[in-house]
Every structure is written in C-alpha cells, then in structure tokens.
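Here is the naming used below: chain letters follow the sequence lines, and residue numbers restart at 1 for every chain. For clarity, every value in this text was computed on a predicted model and none was experimentally measured.
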Amino acid sequence: MPTDPAAPQEKAPSRNFIQQIIDADRAAEKNEGRVHTRFPPEPNGYLHIGHAKSICLNYGLAREYGGKFNLRFDDTNPAKEEQEYVDSILDDLHWLGADWEDRLFFASDYFDQLHQWAVQLIKAGKAYVCDLDADQMREYRGTLTAPGKESPFRDRSVDENLDLFARMKTGEFPDGSRILRAKIDMASPNINLRDPVMFRIKRAHHHRTGDKWCIYPSYDFTHGQSDSLEGITHSICTLEFENHRPLYDWFCEALEIHHPQQIEFARLNLTYTVMSKRKLLQLVTEKHVAGWDDPRMLTLRGLRRRGYTSESICAFCERIGVSKVNSTIDMAWLEDAIREDLNERAPRALGVLRPLKVVLTNIPEGETLEMSAPNHPQKPELGTRTVPLSREIFIEQDDFMEQAPKKFFRLKPSGEVRLRAAGIIRCDEVVKDASGQIVKLHCTFDPDSSRKVKGTIHWVSAAHALSAEVRLFDHLFSCENPDDVPEGGTFLDNINPNSLEILTNAKLEPSLANAEPGSHFQFERSGYFFVDPTDSKPGRPVFNRTATLRDTWAKMKK
RNA sequence: UACCCCGUAGUGUAAUUGGUAACACUAGGGAUUUUGAUUCCCUCAUUCCAGGUUCAAGUCCUGGCGGGGUAGCCA
C-alpha cells in the first residue's frame, strides 16, 4: 500500500534534553552548526558499564548529527595513571565500536600550551603563586556555609608571580610548597571559585611525558582548554561537575578561547552492583572477584567475558535514556538487553547442567539413533544438526519430581514427557540407592512424537556426552543497593556468597566439543552460554552462563 | 546551616513548549508453542504537597516537602 504523504506522520522520536540543546544550538547556528563531542577518561582504571553510557551518548550524538567524536585521555595526575589502563581503555572502546578515527589525544599533549596559558593569566593579574600548604589552604578556603579568606600571597606582583612560577617549573621548590591559583573570589558561594588550583608541584613519573615536568595542571585548568583546543562543541560530563561549570566558563573567557558548552547528565546506577572505581578496585585487590575481567564484574571486560555483546550494551544504553535525574536502573534491563540480542543470534544446543541418568530400556545397548534438531526454531534457514540418542541419557535433575505438584509438566513416575527433537518417554521405575537417593530412572522410549504431551525437556546421550565445565553467575551483591548498610558496615557485607557456581560435570551434546572460544549458544530451556576465550582448550570448552532464559515456572514456585 | 541540580506508573524515559499523560521494562492475566523460551494480546499514574495565574497547568508563578551534589595540591 502506498504511503500517503499527507497522512499524519509517525510521532517524532522523543528527544532527550541534550539533543534539545543541540537542536537549539544548530537552529541558532552556534559553532556553524557543528557537533563535536569527546570521551575523556582518566587512565586510572578499567572502563565499566557506566562509561559505556557516556561513550554511547557522545559517540551517538556525533554520528546522529554528522559530527565528530574524539577520544582524549585526561592524564593530568601521573600519580594515578598508567599505560596499562590506556591500553585497556583503547581495547574496550574498539570492542564497543566507538570510532574516533584519527583523533586520539592526551591532555598531556597540551602541557606546554597550558603552561603558556598560565603565564598569560599571571600577566593579566588573574593568577598568583601561593605559599600556603595544603592544611592552610583548607583553612583559608572556608566551608560550605562560611566564606573563605584571601591568601596573604594573593597580591604578589606580576613579576614576582612570574619568577616564582618559573622556578616552580624548574624544580626549585619541593612538592606541595607552592601552588599556582586563579584569582577569582574567596567569598564565592561556589567553592570551586575560591581561587582554585591551576598548577601543583608533583614529582612523579608520567606515563607519557616521563620526567619532563614537575608541575602538573589541575583538572579544572585542563579540561575546558583541552575541549577548546580540539574544537569540541558540547562537553558532556556527569552531574557532579555541575558546580565546576562556572569555572570551566571562567577559564575559557579569561583566556578568550573557543568556548564549548558543558552539559551534565546523571551517571548510571544499577541495582545489585557498585559502580565506583574505588569499590571495583577494592573487589579486585581484596580478591572478592578473580580480576577486572571476572564475568560478575560490570566492567566492559567482565561483561565481555561473561558473553555480553557490544550491541546489547549499546542497545541497553540507548534504552535507559539520559536525563539529569539521579536514578537506578533495574539490573533486569541489562539482562533483557542481552537476551534480546542472543535470542536472535545464538544457535541452540542441548546441555544438561546437573545430570540425572535415564535408561531407555527399549533401546538396545550399543545402538545409536540419529536425531535431527533445528539450530534455531524461528530461523529454519540456520539449518539442523544431528544429535545422537542411545540407551542411556542424561536429563536435568530438576526435570524429574517424585512428588510432583499438579502444574508440573515434566517427568514424574508413570508420567510422560517429550525429549526435545527425539520422542516421548514414560517413566517406569525410579531406582534408588541404599540411602534413598535417586540414582537413575528406567523409561521406555516412543519415537512417535506426534502425540500431544505437556512438557518437553532437554537431554544428552550418555555415551556421546561431552563433559564440560560450566560456570554459573549470579548478582555480585545480594541486595538491590549494596551501599545500604547499617552503621559501621561496608558494601562488602552485602556480597552475595553464591554469586559463582562452577559445575564440573555438565553433560553437553557432542557437537559442542568444537565450539569456538568466544561463540554464543543457547542451551535450550536453560540459558545463554559463552565459550570462555581464556580458559577453554581445544576440544575442552569452558562455558560461562551469560544469562538465564526467562523462567515463569521458577516464578510460579515462589 | 551556604550554593547548585533534580522530583511524571514498581523501574526508566516521553508529552508537538499551556490543550487533557505516551513508550519500554517489570509485575499480573490470557493466546500460540516439540524450549514453562520466543512471539502476540489485555491490565496497572489524575504528574511530591499546598496555594495562585488561565477557558485550560505535568508544563508558568509563590511557598513548602523530599532526593542528590559540592569544603583534594583527584578526576
């Protein structure tokens, strides 16, 4: 049917507040209509899902408006930064799919320019060298409710400031003995404007500039200028920098340079996890997890190893939106995003996590039947594969109940159930050991599966099964907000002791022996699994459970 | 007790800039199903509170209340 151009159009997709700002800027032809964003990580840790939100936002905006996107490392504090982090961030960004083309920058590239600008501000009487030490600085700064007082060094002459700053640079003074400050307003209600630090003396080896410098610019004296130098139009950061914006603006104006607009949005919070670098680091260093790429960690490396795809993470970031409201997203949204992606792309397989042996008494010993199973029920074009069936098979322990409730559609004594892609079995006998534990089931197999049966279960032929290690993960914390602890407690008290379960005796269909590390499968009725890229060996894959399938039965039991 | 930001279903994001609350996820129902999966339907808010302006307020004004941020020579 031809579309009628006069017909009411689909409602315009809603615009978030940043898009609205950019729309307005472009309408006013600000920056000649250009859009240029950037992602500015400090290389002092690994990227996590919260960074992904920022990356998708910045990169997405640049693409949407046909603009540019830069990657810039904010490396102004050599004491905390390392090349290792630079490398991992580069790698994670590539994986995520962000493309900065040839625009990879480092704030440390601008140290000379920043130094020059500092001299310029000194000459303009807008910056001075202060001899107060850190404790004195704090005293003079005042408090949230009380104004600060001016430093006794505030009115030094330009020449003296120039001389002192030059000597700071040449290394004449010890660390912390002097500092270069902007001369703004010690009584400002915004503490960031109470003569903030521009350059500090710090003898530390920088991962890029080595020992060239012993003075380093502060964040506030670096960030806006770096944006400016790169022609950034919209400098997007998180809410805690709101109070820094007046200072960002002050430096751009005092220096009379291109003035990007800082825009703040709410950082991502998720239930059942922590997001701060400090806490993630603590989890790693105190060995509550195996490392930065532990599949339970919401670092990009952790998610990647867990089996999350970059597409699912971007879809998630798209779905959560962006605003200035402090909010906490339900972890279920992340799980939903990966299920949605993997449901499409993951080929199906049969895998029994906790095996229970079943003897199909009417199949002769040594005989192997070849069953044909679809690789994807909704995508016949993905074809089928052969799954062997023989006298002894494994089924999931949960799929048999001796005393079954009425709604239990699986196997029970004298009951029938369908074996996926095979046939129907009837449970004739429950075999137990001396202690009453169920050892195995005796069933009869009916290859005619045209009959209607309530339940269908997965299975694996015992003689052909691949025994594999399967790792199951749960939330790292057992409550929605791990930081919600009684007096004297810490977030570590809320660690979920059962967040990792390793199954060493899972039974998988034999085709999985050749599963490629880094590939995804759905074990039918169970979940999505990822072949661990670092621990798998040829012929001996290790599977990480990325996510379970939705399970309405499990919910009914509650 | 200072300044700044923010309050819309359980969660998150919208609402053509003053025109009668939408979308997604969750939850609860139902249909289909050789995965209790997928898919598909249905149900769930008078927008923090109180005044005010207006024919009309989630949107504007005033005053409350609530949440968050800020006192590194961290970013």
Side-chain angles (χ1 to χ4, degrees), chain A residues 11-16 20 40-42 44 74-77 79-81 107 130 132-134 137-138 141-148 175-181 188-194 196-202 215-216 218-220 222-223 237-246 264 266 271 277 319-330 332-333 335-337 339-340 343-344 348 350 373-374 376-378 407-410 417-424 449-458 522-527 548-556:
Chain A
K11 257 222 298 233
S14 61
R15 319 238 74 202
N16 64 49
Q20 290 177 20
E42 183 188 14
N44 69 343
D74 224 336
D75 55 349
T76 58
N77 184 0
K80 293 188 173 178
E81 297 149 8
C130 181
L132 258 26
D133 66 28
M137 278 269 284
R138 193 177 316 118
R141 186 158 41 229
T143 68
L144 293 175
T145 52
D175 287 12
S177 60
R178 283 180 226 263
I179 199 154
L180 184 71
R181 308 174 68 174
S188 171
N190 182 343
I191 291 180
N192 291 307
L193 263 20
R194 319 243 262 230
V197 172
M198 292 166 59
F199 266 92
R200 71 275 211 192
I201 305 172
K202 183 178 290 217
I215 56 172
Y216 290 94
S218 63
Y219 164 84
D220 285 305
T222 304
H223 203 92
C237 61
T238 46
L239 248 27
E240 66 271 27
F241 291 100
E242 263 175 332
N243 294 335
H244 289 249
R245 179 160 21 100
E264 310 86 12
T271 56
K277 261 182 196 171
R319 198 173 302 173
I320 58 176
V322 43
S323 74
K324 302 189 74 158
V325 186
N326 289 302
S327 59
T328 303
I329 309 284
D330 195 319
W333 282 39
E335 290 163 4
D336 186 71
R339 283 195 194 107
E340 195 173 301
N343 178 48
E344 288 293 316
R348 313 287 127 126
L350 298 178
H376 191 121
Q378 275 80 41
K407 288 278 208 173
F408 187 79
F409 299 154
R410 284 108 98 146
V417 78
R418 182 190 313 283
L419 294 183
R420 166 106 252 230
I424 292 171
S449 63
S450 57
R451 239 163 50 239
K452 196 96 177 152
V453 194
K454 264 293 194 184
T456 300
I457 64 174
H458 55 279
Q522 185 201 85
F523 292 177
E524 295 204 29
R525 303 208 312 128
S526 177
T548 62
L549 257 32
R550 282 206 187 83
D551 190 349
T552 45
W553 167 244
K555 270 189 270 181
M556 283 168 67

What is the distance, rounded to the nearest whole Å, between atom CG of A/Asp551 and atom C1' of B/G36? 7 Å
Whole-Å distance, A/Met137 CE to B/G72 C1', equals 9 Å
Checking A/His223 now: which residues fulfil ring pair (Phe, Tyr, Trp, His ring centres under 6.0 Å) with it, not counting sequence neighbours? A/Tyr219
At under 4.0 Å, does any side-chain N or O of [X] touch on OP1 or OP2 of [N]?
{"X": "A/Arg525", "N": "B/G36", "result": "yes"}
{"X": "A/Lys277", "N": "B/C74", "result": "no"}
{"X": "A/Arg138", "N": "B/G72", "result": "yes"}
{"X": "A/Arg15", "N": "B/U13", "result": "no"}
{"X": "A/Thr76", "N": "B/C74", "result": "no"}
{"X": "A/Thr552", "N": "B/A37", "result": "yes"}
{"X": "A/Gln20", "N": "B/A15", "result": "yes"}

Going by a 90° cut-off around 0, is B/U20 syn or anti? anti
Decide, for B/G52, between syn and anti: a glycosidic angle within 90° of 0 counts as syn, anything else as anti. anti
Would you mind classifying the nucleic acid contact of [X] as base, sugar-phosphate or nothing, using non-hydrogen atoms under 4.0 angstrom?
{"X": "A/Thr143", "result": "base"}
{"X": "A/Pro377", "result": "base"}
{"X": "A/Ile424", "result": "nothing"}
{"X": "A/Ile329", "result": "sugar-phosphate"}
{"X": "A/His244", "result": "base"}

Has A/Lys202 got its NZ or CZ under 6.0 Å from the middle of the six-membered ring of A/Tyr216, at an angle within 45 degrees of the ring axis? no
Find out whether [X] and [Y] are in side-chain contact, i.e. whether some heavy atom of one side chain is under 4.5 Å from a heavy atom of the other.
{"X": "A/Arg319", "Y": "A/Asp336", "answer": "yes"}
{"X": "A/Arg420", "Y": "A/Arg525", "answer": "no"}
{"X": "A/Arg348", "Y": "A/Pro374", "answer": "no"}

Which helical stems does RNA chain B take part in, if a stem means at least 3 consecutive Watson-Crick or G-U pairs with both distances below 3.5 Å? B:2-7 with B:65-70, B:10-13 with B:22-25, B:27-31 with B:39-43, B:48-52 with B:60-64
Give a yes or no answer on whether the side chain of [X] reaches the backbone of [Y] with a donor-acceptor pair at less than 3.5 Å.
{"X": "A/Arg141", "Y": "A/Pro196", "answer": "no"}
{"X": "A/Arg418", "Y": "A/Ser449", "answer": "yes"}
{"X": "A/Ser188", "Y": "A/Leu193", "answer": "no"}

Return the [atom1] to [atom2] distance between [X] and [Y], rounded to the nearest 0.5 Å.
{"X": "A/Met137", "Y": "A/Arg194", "atom1": "CE", "atom2": "CZ", "result": "12.0 Å"}
{"X": "A/Leu549", "Y": "A/Asn343", "atom1": "CG", "atom2": "CG", "result": "8.0 Å"}
{"X": "A/Asp133", "Y": "A/Arg178", "atom1": "CG", "atom2": "CZ", "result": "12.5 Å"}

Taking salt bridge (charged side-chain N to carboxylate O under 4.0 Å, His left out) as the definition, give me every residue that meets it alongside A/Asp175, ordered by chain and number, with sequence neighbours left out. A/Arg203
Under 3.5 Å, is there an N or O donor on one side and an acceptor on the other linking the side chain of A/Gln522 and the base of B/U35? yes
Would you tabulate the pairs of protein nitrogen or oxygen atoms and nucleotide nitrogen or oxygen atoms of nucleotides 46-49 of chain B closer than 3.5 angstrom?
none

Shortest non-hydrogen pair, A/Ile320 vs A/Trp333, comes out as CG2-CE3, 4.0 Å
Heavy atoms only: give me the nearest A/Trp553-A/Lys407 pair and the separation to one decimal. CZ3-O, 3.7 Å
The residue, A/Glu524 or A/Ser327, whose nearest nucleotide of RNA chain B is more 5′ is A/Ser327
Assign each of A/Arg178 and A/Ser526 the nucleotide of RNA chain B bearing its closest heavy atom; nearer the 5' end lies the nucleotide of A/Ser526
Please measure how far the P atom in B/C23 lies from the corresponding atom in B/C41, and state the result in whole Å. 12 Å
Note: A/Glu42-A/Lys277 ion pair, threshold 4.0 Å (strictly below): no
Tell me whether A/Tyr219 is stacked on the nucleobase of B/A75, counting only the six-membered base ring and applying the 5.5 Å and 30° thresholds. no
If the sugar-phosphate is the primed atoms plus P, OP1 and OP2 and the base is the rest, what is the B/S/- string for nucleotides 23-34 of chain B, using protein heavy atoms under 4.0 Å? -BBSS------B
Between protein and nucleotides 5-9 of chain B, what N or O pairs are separated by less than 3.5 Å?
| unit_1 | atom_1 | unit_2 | atom_2 | d |
| --- | --- | --- | --- | --- |
| B/C5 | O4' | A/Glu242 | OE1 | 3.4 |
| B/C5 | O4' | A/Glu242 | OE2 | 3.4 |
| B/C5 | O2' | A/Glu242 | OE2 | 3.1 |

